[in-house]
Amino acid sequence: MTKLAIMGAMEEEIEPLLEHFKNIKITEFANNKYYELNYNGLDIVVAYSKIGKVFASLTASTMIEKFGCDTLLFSGVAGGINPKLKIGDLIIANKLCQHDLDITAFGHPHGYVPEGSVYVETSKELIEVAKIVASENGIKVIEGTIATGDQFVHSMERKEFIESTFKADALEMEGASVAVVCDALNVPFFVLRAISDTADMDAGFDFDEFLKSSAKNSADYLIKIVNKLNK
Ligand code: OS5
């Protein structure tokens, strides 16, 4: 790895990461800020994309094509689907899909476009490192499927559709678009999230209550993974 991209969607998701770094150079590009730094000899670019698949794709592409990042790690929060996931718990995606991508009218399955695939897999090597870090530090993390769409999900009906259609364990609004970009550009990546709500009728309240603490859970674990990658 020569340059690492670390992404979140919201400022709250990268704030607890930036606290670990000094001598940060800020570059503005395409209405966004990119934080460039060196951490124990490793070049890193950090950014939050803003919410949703379009901004996330733009940021991931920019980090890879303009800033030259060759590995990408996403850290943030998610709505939980798998009942094993409680607020604050960690999930690392082994694959991601777009739950709102729908050309079923032409006989395709939900989430599929011709010349694409329903699921994009994350880097097995990065997942392995993350699992080693978890076991060394007594951190509980589950590996699973994350579904992405341009919707803040706050109803049982939508949540159950996503659960039954994609067998997803958690949902959010950016991961799968980052996955599509990284896959197309041959950049190894993973998506790590901590649960902020359970995508039900209380999701809006829970999200406001737990965004900060869950974003920190994800960031604290991510920093440990970066330390391991840099050994
Ligand atoms: O980035 C979005 C996806 N994130 C993961 C997530 C999620 N996704 C879908 N459904 C759920 N139930 C989810 N739970 C966690 C989180 C984030 C959700 S959208 C949050 C929007 C919050 C907000 N909007 N306006 N403000 C806050 C105030 C504001 C105003 C001006 C400038 C900045 C903030």
Side-chain angles (χ1 to χ4, degrees), residues 1-27 29 32-49 56 59-78 88-96 120-144 146 174-175 178-179 181-194 212-231:
M1 186 197 331
T2 56
K3 205 187 259 194
L4 176 66
I6 304 180
M7 250 187 94
M10 300 179 71
E11 190 166 17
E12 288 87 344
E13 291 172 320
I14 68 157
E15 259 168 7
L17 290 163
L18 289 176
E19 284 166 13
H20 291 265
F21 307 132
K22 351 181 245 261
N23 300 326
I24 298 171
K25 179 184 160 204
I26 300 177
T27 302
F29 179 77
N32 210 356
K33 289 193 177 70
Y34 291 82
Y35 302 83
E36 294 174 87
L37 57 106
N38 187 278
Y39 177 64
N40 300 333
L42 175 64
D43 285 326
I44 302 182
V45 185
V46 182
Y48 72 94
S49 56
T59 299
S61 306
T62 299
M63 289 173 115
I64 295 164
E65 288 296 308
K66 182 176 167 62
F67 290 91
C69 295
D70 51 20
T71 304
L72 188 150
L73 310 180
F74 191 107
S75 175
V77 300
D89 287 354
L90 294 160
I91 175 166
I92 191 153
N94 48 26
K95 61 184 196 300
L96 299 104
V120 178
E121 291 186 2
T122 59
S123 159
K124 290 188 177 51
E125 289 74 25
L126 289 172
I127 298 266
E128 199 46 44
V129 174
K131 280 161 103 177
I132 292 168
V133 171
S135 87
E136 283 176 355
N137 290 275
I139 293 168
K140 194 183 99 191
V141 58
I142 77 158
E143 220 184 294
I146 291 184
E174 296 84 16
V178 172
V181 168
C182 290
D183 187 54
L185 297 173
N186 275 318
V187 167
F189 73 99
F190 74 48
V191 176
L192 169 67
R193 301 268 186 172
K212 266 199 163 180
S213 57
S214 292
K216 185 168 164 28
N217 283 0
S218 180
D220 287 350
Y221 177 35
L222 188 112
I223 285 291
K224 289 188 170 69
I225 297 169
V226 172
N227 288 338
K228 187 72 160 187
L229 288 170
N230 202 22
K231 268 190 183 156

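Note: hydrogens, waters and symmetry copies are ignored here, and every other heavy atom, side chains too, is used. For this chain, numbers begin at 1 and follow the sequence in order.
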Euclidean distance, [Y] [atom2] relative to [X] [atom1], rounded to 0.5 Å:
{"X": "Leu222", "Y": "Asn227", "atom1": "CG", "atom2": "CG", "answer": "9.5 Å"}
{"X": "Asn186", "Y": "Asp70", "atom1": "CG", "atom2": "CG", "answer": "12.0 Å"}
{"X": "Ile44", "Y": "Asn230", "atom1": "CD1", "atom2": "CG", "answer": "7.0 Å"}
{"X": "Ile91", "Y": "Ile146", "atom1": "CD1", "atom2": "CD1", "answer": "4.5 Å"}
{"X": "Thr59", "Y": "Tyr48", "atom1": "OG1", "atom2": "OH", "answer": "10.0 Å"}

Student check: side-chain heavy atoms of Leu4 and Leu42 closer than 4.5 Å: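 Side-chain contact under 4.5 Å: yes.
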Salt bridge present between Arg193 and Glu13 (N-O < 4.0 angstrom):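 Salt bridge: yes.
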SB check Glu15 Lys212 (cutoff 4.0 Å):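 No, Glu15 and Lys212 are not salt-bridged.
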Can you check whether [Y]'s main-chain N or O pairs, donor with acceptor, with [X]'s side chain at less than 3.5 Å?
{"X": "Lys25", "Y": "Leu37", "value": "no"}
{"X": "Asn217", "Y": "Gly88", "value": "yes"}
{"X": "Asn137", "Y": "Val133", "value": "yes"}

The single option from Ser213, Ser214, Ser218 passing side-chain contact (heavy atoms from CB on, under 4.5 Å) against Val77: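 When Ser213, Ser214, Ser218 are each tested with Val77, the side-chain contact (heavy atoms from CB on, under 4.5 Å) holds only for Ser214.
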Lys/Arg cation over aromatic Phe29: Lys66, 6.0 Å, 45° cone: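 Cation-pi check for Lys66 and Phe29: passes.
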Distance flag, aromatic centroids of Phe190 and Phe74, threshold under 6.0 Å: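 Not close enough - the centres of the two rings lie 6.0 Å or further apart.
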Heavy atoms from other residues, nucleotides or ligands near NZ of Lys216 exceed 12 (cutoff 6.0 Å):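 At most 12 heavy atoms, drawn from other residues, nucleotides or ligands, come within 6.0 Å of this atom.
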